[in-house]
Amino acid sequence: MIEEYALIGDQRGSALVRRNGSIDWLCLRRFDSDAVHARLLGTSEHGFWQLAPTHPADASSVPVPVRRYAGDSMVLETEWVTGTGTVKITDFMVPGGEAPQVVRIATGVQGEVSMRTLLRARPGYGRVVPRLDRADERHVAIDLPEDGGRLWADATIPLQTAGSDIHATFTITEGETAAFSLAWREGIDTPAPKPAPDALLKHTLDHWAAWTDRCTYTGPDRDDIVRSLLALAALIYAPTGAIVAAPTTSLPEEIGGVRNWDYRYAWLRDGALAVAALARCGYLDEALAWTDWAVRACAGTPGRRQIMYQVDGGADLREEELPHLPGYEGSAPVRIGNGAAGQLQIDVYGEVADTLYEVALAVPDEASRIGAVIVELATELEPLWSEPDMGIWEIRGPRRHLTHSKVMAWLTFDRAVQVVEHGWATGPLERWRALAETIHREVCEKGYDSERNTFVQYYGGAALDASLLHAMLADGFLPADDKRVIGTVEAIQRDLGTGSGLVLRYRTEGEHAGIDGLPGDEAHFLICTGWLAEALARIGRADEAQAVLDHLLSLRNDVGLLAEEYDPHARRQLGNVPQAFSHLAHVGAALEIGSASGGGEHTVVLDAEPAGAAS
């Protein structure tokens with residue numbers, strides 16, 4: 001199950017480690033590079049790296065390990081208690097440095113434990129069986145065709161090879177360690193220097209400790225908030241500041257279904273919402289780095305920006321299927337790339353403009369530069385806002401005049417007006433003020449059902465959509481005590497809420513294609529439940545909001561991670577994992593609840609200077 005996976009990462013690439021000690025997904029160089037291990041979406045023949053105790057033939061005696069992250073870090077610790085002793089496996093990726101690498105350390109805790117490691121690299125998403133070159137008893141080179149580099153397997157004990165597999169069997173006793181690493185080096189024919197695993201571990205722990213120390217959140221449940229913030233931090237591509245939606249592709253929204261997408265790219269919307277959550281907890285450096293990345297990336301697509309890019313700002317996200325991979329639990333197709341990149345999604349402008357405006361308020365020295373970007377967004381949106389679009393859910397059916405998108409268009413022009421009024425940039429103030437009023441009036445006329453006292457999914461329709469909760473949270477659109485806001489929150493809670501305590505994003509139609517143009521159903525999209533908690537707090541129902549948030553947090557796996565969706569019937573997570581949307585929803589709801597409960601001055605810090613800023 002998806003809950004069995006924990007994430008390790010170095011803010012460049014990522015790996016998913018299964019509870020049984022197997023790394024089943026590894027994109028080493030960067031999030032969107034070809035996977036070296038792809039068993040997550042296939043079989044053992046598509047690549048993995050196992051490190052665990054050897055088990056007896058009787059499966060009933062196989063121990064169930066206990067996992068945790070070491071303190072406030074992305075260093076994973078897995079402890080196995082066997083009949084002969086206890087061993088701890090420490091897994092991490094090393095931030096910074098020239099050679100991206102995964103390090104695994106086995107440490108004897110008590111007694112002695114028989115261990116085995118098996119590394120089966122399969123570059124190209126499992127398509128390539130590589131050639132191995134042995135350098136010495138501890139170094140093995142793994143050729144990467146057309147990659148320009150090599151993978152180097154290294155260990156503090158002798159390694160064996162068999163065909164294209166690298167393995168070792170050993171015994172670990174109390175106080176002993178055995179360390180292993182897999183590193184990528186560009187154009188290097190000789191192995192890296194002998195690794196110093198203890199030093200690498202200290203460096204990695206220090207990196208995450210320094211990052212966590214910058215958190216300004218001091219409200220309730222700080223440990224939980226920090227864990228979600230760390231999940232967001234692990235999705236940052238540090239070389240550019242981009243933020244990916246998730247580190248995986250094609251984990252299904254429905255087991256056996258076709259709703260399988262590649263989320264290893266940097267959506268402007270998702271990045272903006274993640275940045276807002278990070279900035280509110282003191283991470284203004286990350287907010288400014290993301291802003292710089294977004295400006296550079298969008299400059300590469302003049303005329304109309306894409307809604308997502310590669311982590312280096314590249315715009316080529318052509319979607320293709322990988323038929324050699326059967327998919328997670330048979331959920332095909334497996335896709336790489338994302339065809340939604342070229343869609344018109346009007347809401348993106350508002351989410352980006354709103355986040356940038358918040359950052360400008362928090363970092364006045366950057367206000368003029370950021371203000372100019374907001375003016376560019378409004379200028380680009382002006383001829384587009386009245387068109388139908390695909391919206392926040394990236395529907396693959398006909399375009400519609402989606403109410404959420406129109407509210408976000410209003411938000412864009414409202415923030416542009418405020419930017420000009422502040423004197424941060426110049427623009428057609430009166431025209432944009434009038435346009436914001438026009439859009440506001442249109443939404444309240446065409447997107448609102450007065451008989452039911454709720455906004456609706458799209459103009460002229462009757463269906464509801466959980467994105468309307470997000471629209472009701474737009475500061476300045478309507479006051480929280482407006483009957484239309486309260487009515488919309490209650491209608492969504494009633495019509496899209498389920499007995500599970502979660503919220504659907506919209507109704508699907510089974511085997512028939514619904515509004516999104518796709519057949520099949522989906523589980524509960526977790527950001528929607530987070531939005532419900534935040535909206536309830538906004539309208540003064542903090543206790544109810546806390547209950548909703550508590551239920552959302554109860555769905556996390558044993559190391560505190562949330563996937564994209566949750567199936568309450570099968571009691572399992574679904575979709576790509578960990579999902580930025582799910583974790584930023586947790587942060588946003590917690591901050592809003594804290595503010596509604598009178599603790600806002602302790603939970604939201606938006607006036608802190610970024611690290612290194614002049615005083």
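Taking the six-membered ring for Trp and thresholds of 30 and 60 degrees, Trp208 and Trp211 have ring planes more than 60 degrees apart, a perpendicular arrangement. Note on ring orientation: taking the six-membered ring where Trp is involved, the planes of Phe581 and Trp393 are perpendicular (angle over 60°, cut-offs 30° and 60°).
At least one donor-acceptor pair under 3.5 Å links the side chain of Thr529 to the backbone N or O of Val503.
Partners of Ser14 according to the side chain to side chain contact (heavy atoms under 4.5 Å, CB included) rule, which considers only residues two or more places apart in sequence or in another chain, are Leu7, Phe31, Pro247. With sequence neighbours left out, Ser22 forms a side chain to side chain donor-acceptor pair (under 3.5 Å) with Asp24, Arg39. Applying the ring pair (Phe, Tyr, Trp, His ring centres under 6.0 Å) criterion to Phe455, with sequence neighbours excluded, gives Tyr448. Annotation: side chain to side chain donor-acceptor pair (under 3.5 Å) contacts of Tyr263 (sequence neighbours excluded): Glu564. Residues passing the side chain to side chain contact (heavy atoms under 4.5 Å, CB included) test with Asp354 are Glu358, Leu411, Arg415, sequence neighbours excluded. Residues passing the side chain to side chain donor-acceptor pair (under 3.5 Å) test with Ser405 are Asp389, sequence neighbours excluded. Checked against side chain to side chain contact (heavy atoms under 4.5 Å, CB included), Arg131 has the following partners two or more places apart in sequence or in another chain: Asp133, Asp143, Arg150. The side chain to side chain donor-acceptor pair (under 3.5 Å) search around Arg305 returns Glu380, not counting sequence neighbours. Partners of Arg116 according to the side chain to side chain contact (heavy atoms under 4.5 Å, CB included) rule, which considers only residues two or more places apart in sequence or in another chain, are Thr54, Leu118, Thr169. Partners of His470 by ring pair (Phe, Tyr, Trp, His ring centres under 6.0 Å), not counting sequence neighbours, listed by chain and number: His404, Trp531.
A 4.5 Å side-chain heavy-atom check between Arg269 and Asp347 finds at least one atom pair inside the cut-off. Annotation: side chain of Pro65 is in contact with side chain of Arg19 (closest heavy-atom distance under 4.5 Å). Asp154 places none of its side-chain heavy atoms less than 4.5 Å from the side chain of Val140. For the pair Tyr459 and Arg400, the minimum side-chain heavy-atom distance is 4.5 Å or more. No side-chain heavy atom of His37 sits under 4.5 Å from any side-chain heavy atom of Trp25. Residues Tyr309 and Trp267 are not in side-chain contact: their nearest non-hydrogen atoms beyond the backbone lie 4.5 Å or more apart. Pro252 is not listed as a side-chain neighbour of Arg259, based on a closest heavy-atom distance of 4.5 Å or more. Here the side chains of Tyr566 and Leu502 are in contact, with some heavy-atom distance below 4.5 Å.
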Margin query: If you apply the rule side chain to side chain donor-acceptor pair (under 3.5 Å), what do you find for Asp465 with Gln457, and how did you get there?
Written below: CA-CA 5 Å; Asp465 189 311; Gln457 186 177 43; 2.9 Å; yes
| side-chain contact (heavy atoms from CB on, under 4.5 Å) evaluation trace for Tyr283 with Leu229 | CA-CA 10 Å; Tyr283 292 101; Leu229 292 171; 4.2 Å; yes
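Figure legend: Arg505 and Phe525 shown as a cation-pi pair, the cationic atom lying under 6.0 angstrom from the six-membered ring centre and within 45 degrees of its axis.
Between Trp49 and Thr117, the side chains place a donor N or O and an acceptor N or O closer than 3.5 Å (distance only, hydrogens not considered). No hydrogens or angles considered: nothing links the side chains of Thr240 and Asp312 as a donor-acceptor pair under 3.5 Å.
Applying the salt bridge (charged side-chain N to carboxylate O under 4.0 Å, His left out) definition to pairs two or more places apart or across chains, those involving residues 568-589 are Glu329-Arg572. Residue pairs meeting the ring pair (Phe, Tyr, Trp, His ring centres under 6.0 Å) criterion with at least one member in residues 227-246: none, sequence neighbours excluded.
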